[in-house]
Amino acid sequence: MKKIFVVGFVLVLVCQMFAVVVDVPQMPVSAFVDNEASVSAVIPEVFDKQSKTFKFYLTFNATLSNNVEIAFGQAVPGDISGNTPNLTHEETDLIVGWDCGKWFLRPKGLKEFYYSPVTNFVAGERTLSGFLRVDPENNLYSMDFKDGGVSFAFDGVAVSNFVEWLKPTEWDLLKVVTRGDNTEAENIKVSFSGDKTVIIVQ
């Protein structure tokens, strides 16, 4: 059965409206035992300059045996070439997503994991909402998350620990990764239209 993952980003624009469409390569067939597959995409430059509040929504079919995540970062100079960008671990600033019954967050360096378990879990569609707010100097001052409409926090996460290096307005690459049972995906399209960005993996 084909799974559908929808990751949406709604941006608060400082000035003009814009419309940019980015086609993401088809999610490759996994060669790994855990069915891991991934695809990266370039975030247009206009995206970085216009947003002061970075909002994202990750909607998918949550189970106790799957993993769905999205990573954000900035490519090193000269790393984005042709139509095959790839967000590497070294370039990743933040990963957030779902892992077998709990939400997780991994900051730059990818050595630390922060979790928020889901109580009374029932398999089915869930939506993670994230809100990263920056001041006029592009410094992070607020980071909030919701499971559906309910706010939650990642245990041990303090915004003050992210201020020096977490710069969402500088991100130019993102990466979607899926793992687990029945996570085959294809036909990915990233659309920056007006104040919405939608990533559909189906």
Side-chain angles (χ1 to χ4, degrees), residues 3-14 22 24 39 41 43 47-48 50-64 66-73 87 92-108 113-135 138-163 166-171 173-180 183 185 188-202:
K3 300 287 186 179
I4 297 179
F5 302 91
V6 179
V7 184
F9 303 85
V10 180
L11 313 177
V12 176
L13 304 185
V14 177
V22 180
V24 179
V39 65
I43 300 174
F47 172 89
D48 300 336
Q50 299 301 325
S51 176
K52 291 299 179 184
T53 299
F54 188 90
K55 304 179 183 180
F56 68 87
Y57 303 89
L58 172 59
T59 299
F60 63 101
N61 184 44
T63 75
L64 292 177
N66 70 340
N67 175 290
V68 182
E69 65 183 46
I70 188 161
F72 304 98
L87 183 65
T92 299
D93 281 348
L94 187 71
I95 299 177
V96 62
W98 173 264
D99 184 28
C100 302
K102 56 186 178 294
W103 299 112
F104 76 94
L105 182 150
R106 300 180 68 185
K108 188 174 183 177
F113 282 85
Y114 298 95
Y115 294 101
S116 182
V118 174
T119 58
N120 301 317
F121 173 76
V122 176
E125 185 178 276
R126 303 187 81 93
T127 298
L128 167 68
S129 305
F131 306 85
L132 307 179
R133 302 179 181 88
V134 298
D135 62 22
N138 294 327
N139 295 313
L140 182 75
Y141 70 85
S142 174
M143 185 164 54
D144 302 303
F145 299 93
K146 292 183 179 181
D147 180 348
V150 181
S151 297
F152 71 91
F154 289 102
D155 295 338
V157 169
V159 172
S160 58
N161 294 333
F162 292 74
V163 173
L166 190 61
K167 308 288 184 181
T169 55
E170 297 180 359
W171 291 341
L173 282 178
L174 61 84
K175 188 172 189 176
V176 178
V177 181
T178 61
R179 303 180 184 87
T183 55
I188 302 170
K189 186 176 184 180
V190 182
S191 298
F192 294 80
S193 179
D195 65 350
K196 286 188 176 180
T197 301
V198 179
I199 301 175
I200 301 177
V201 184
Q202 61 184 16

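These numbers come from a predicted model, not from an experiment.
Taking each heavy atom of S142 and V159 in turn, the nearest pair found is N-CG1, 4.3 Å. Of all non-hydrogen atoms in S116 and A153, the two that sit nearest each other are OG-O, 3.4 Å. Counting all heavy atoms, side chain and backbone alike, D99 lies closest to F104 at CB-CD2, 3.7 Å. When every heavy atom of F152 is checked against every heavy atom of L128, the shortest pair comes out as CZ-CD1, 3.5 Å. The minimum heavy-atom distance between S129 and G148, with the atom names listed, is OG-O, 4.3 Å.
With W98 contributing its side chain and T63 its backbone, the two residues share a donor-acceptor pair below 3.5 Å.
Each of D93, L94, V134 was checked for a side-chain contact (heavy atoms from CB on, under 4.5 Å) with P168, and the lone residue meeting it is V134.
Taking the side chain as every heavy atom from C-beta outward, M143 and F154 never approach each other to under 4.5 Å. The shortest side-chain heavy-atom distance between I95 and V177 does not fall under the 4.5 Å cut-off. A 4.5 Å side-chain heavy-atom check between T178 and E69 finds every atom pair outside the cut-off. Side-chain contact between K108 and L166 is absent, with no heavy atoms from C-beta onward closer than 4.5 Å. Contact check for T92 versus R106: no side-chain heavy atoms found under the 4.5 Å cut-off.
Ring pair Y115/F113 is parallel by interplanar angle, where below 30° counts as parallel and above 60° as perpendicular.
A search for salt bridge (Lys or Arg N to Asp or Glu O under 4.0 Å) contacts involving R133 returns D144, not counting sequence neighbours.
Taken from CG in L132 to CZ in F162, the straight-line distance is 9.5 Å, to the nearest 0.5 Å. Interatomic distance, CG of L87 versus CH2 of W171, reported as 10.5 Å (0.5 Å rounding). Between atom CZ of residue F145 and atom CH2 of residue W103 there is a gap of 11.0 Å, rounded to the nearest 0.5 Å.
Shown here is K146, whose NZ atom has no more than 12 heavy atoms of other residues, nucleotides or ligands within 6.0 Å.
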(message) Apply side chain to side chain contact (heavy atoms under 4.5 Å, CB included) to residues K167 and N139 and explain how you reach the verdict.
(response) CA-CA 7 Å; K167 308 288 184 181; N139 295 313; 2.6 Å; yes
